[in-house]
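Note on naming: letters A, B, ... go to the chains in the order of the sequence lines (proteins, then strands), and numbering restarts at 1 for each one. Please read these numbers as outputs of a predicted model, since none were measured by experiment.
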Protein chains: 2
Amino acid sequence: MKDHQTVFVEFLQGRGLKYTRNRKIILDIVFGLHEHFDAEQLYDLARKETRAMSRATVYRTIPLLCEAGLLQQSVRSSARDTFEHIYGHPKHIHWVCTRCGAVIETDLAEVMAVLKQEAKRIGFSADEIKFNVVGKCWKCGSIENE
Amino acid sequence: MKDHQTVFVEFLQGRGLKYTRNRKIILDIVFGLHEHFDAEQLYDLARKETRAMSRATVYRTIPLLCEAGLLQQSVRSSARDTFEHIYGHPKHIHWVCTRCGAVIETDLAEVMAVLKQEAKRIGFSADEIKFNVVGKCWKCGSIENE
DNA sequence: ATATAAATTGCGACTCAATCTCAATATATG
DNA sequence: CATATATTGAGATTGAGTCGCAATTTATAT
Ligand SMILES: [Mn+2]
Ligand SMILES: [Mn+2]
Ligand SMILES: [Zn+2]
Ligand SMILES: [Zn+2]
């Protein structure tokens with residue numbers, strides 16, 4: 001399996017785009033982070049690497065990473081898009097607790113079998129899977145009243 | 001099964017809120033519509049019923065309907081939240097085509113079995129399910145190059 | 001190295017969905 | 001009717017995300 005940098009470089013080349021210093025910084029942060037993050041967090045981290053980094057560049061790089069199959073929009077939280085790197089990671093379900101905000105992840109493998117069959121049936125070629133379940137985690141579910 | 005109006009009235013009562021003329025208009029539109037819609041569309045339709053209807057009221061009523069279990073945020077499209085009434089409707093997967101924008105729906109019943117088991121295992125009480133698959137529909141998938 | 005063409009960048013203005021403020025109005029209850 | 005409380009519309013405000021543009025960087029060719 002190619003590493004994420006190779007994937008990105010090849011993606012950029014195929015589009016006639018350049019693997020620049022700023023894009024490298026962003027890529028490294030994205031694959032160094034192992035939680036969900038939003039654009040602002042990514043910007044803050046990138047700013048620590050170099051002062052020559054603007055929000056615009058961050059916002060412009062995110063869709064490139066998504067189109068390269070490296071990043072994916074995840075759970076939308078408090079009116080912000082959040083993201084997570086997906087390259088080399090198994091697909092998973094997000095269980096989002098509406099009380100404490102926790103996001104639990106569980107494997108999606110079992111569901112994938114059913115899903116692939118369904119995709120074949122309707123002739124759909126799937127790129128991204130977003131499976132979010134909203135409710136209460138085990139901790140918050142037992143509280144109920146306060 | 002209670003009708004949606006009863007559900008809403010009881011929900012409002014339980015909160016010490018009132019079943020007003022505007023809320024009734026919005027509820028009726030929401031359950032008269034059978035496609036996904038956004039707040040602006042709902043506002044436009046509500047305006048046809050009465051001029052005494054503001055965007056603020058529409059935006060304020062939507063979360064009430066969601067909390068009552070009648071409405072659910074659906075696929076987010078062109079930077080807008082879209083919604084669909086869910087009360088009395090089976091859960092379904094959304095297959096979103098990135099080329100033509102089509103949203104195909106298929107039943108989620110088969111997946112639900114696996115999901116319920118998983119929910120039990122991690123002690124999560126699920127309220128909403130959002131299962132979106134992004135990719136290309138059968139029509140757009142065969143185009144590829146242009 | 002120098003020249004040329006093309007892509008990238010930061011800055012800050014801009015967009016626009018969604019939220020908030022607040023005074024006027026509607027509603028429920030007794 | 002009187003009182004208390006919830007609702008409402010208008011328009012201001014917020015803020016995530018986008019865009020235009022001139023300056024800069026990068027790749028490639030001479
Ligand atoms: Mn995740
Ligand atoms: Mn639907
Ligand atoms: Zn929780
Ligand atoms: Zn399509």
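Looking at heavy atoms from C-beta onward, A:Thr57 lies out of side-chain contact with A:Tyr59 at the 4.5 angstrom threshold. Residues A:Gln72 and A:Cys66 are not in side-chain contact: their nearest non-hydrogen atoms beyond the backbone lie 4.5 Å or more apart.
Contact check, B:Arg21 against D:dT7: no side-chain N or O comes under 4.0 Å of OP1 or OP2.
Aromatic ring pairs are classed by plane angle as parallel below 30°, tilted from 30° to 60° and perpendicular above 60°; the pair A:Phe8 and A:Phe11 is parallel.
Rounded to 10 degrees, the angle separating the terminal axes of the helix from C:dA1-D:dT30 to C:dG30-D:dC1 is 40°, with each axis obtained from five end pairs.
Between B:Arg76 and B:Ser54, the residue whose closest nucleotide on DNA chain D is further toward the 5' end is B:Ser54. Map B:Ala39 and B:Tyr19 each onto its nearest nucleotide of DNA chain C; the residue landing nearer the 5' end is B:Ala39.
A:Asp81 comes within contact range of the sugar-phosphate backbone alone, with a heavy-atom separation under 4.0 Å but no base atom that close. Looking at heavy-atom distances under 4.0 Å, B:Ala56 makes contact with a base. Looking at heavy-atom distances under 4.0 Å, A:Arg55 makes no contact with the nucleic acid at all. At a threshold of 4.0 angstrom between heavy atoms, the contacts of A:Asn22 are confined to the sugar-phosphate backbone, with no base atom among them.
Looking only at distances, no side-chain donor or acceptor of A:Thr82 sits under 3.5 Å from a matching main-chain atom of A:Asp38.
The CG atom of B:Leu45 sits 12.0 Å away from the CG atom of B:Asp28 when rounded to the nearest 0.5 Å.
Remark: B:Phe31 pairs with B:His4, B:His85 by the ring-ring contact (aromatic ring centres under 6.0 Å, His included) rule, at least two apart or across chains.
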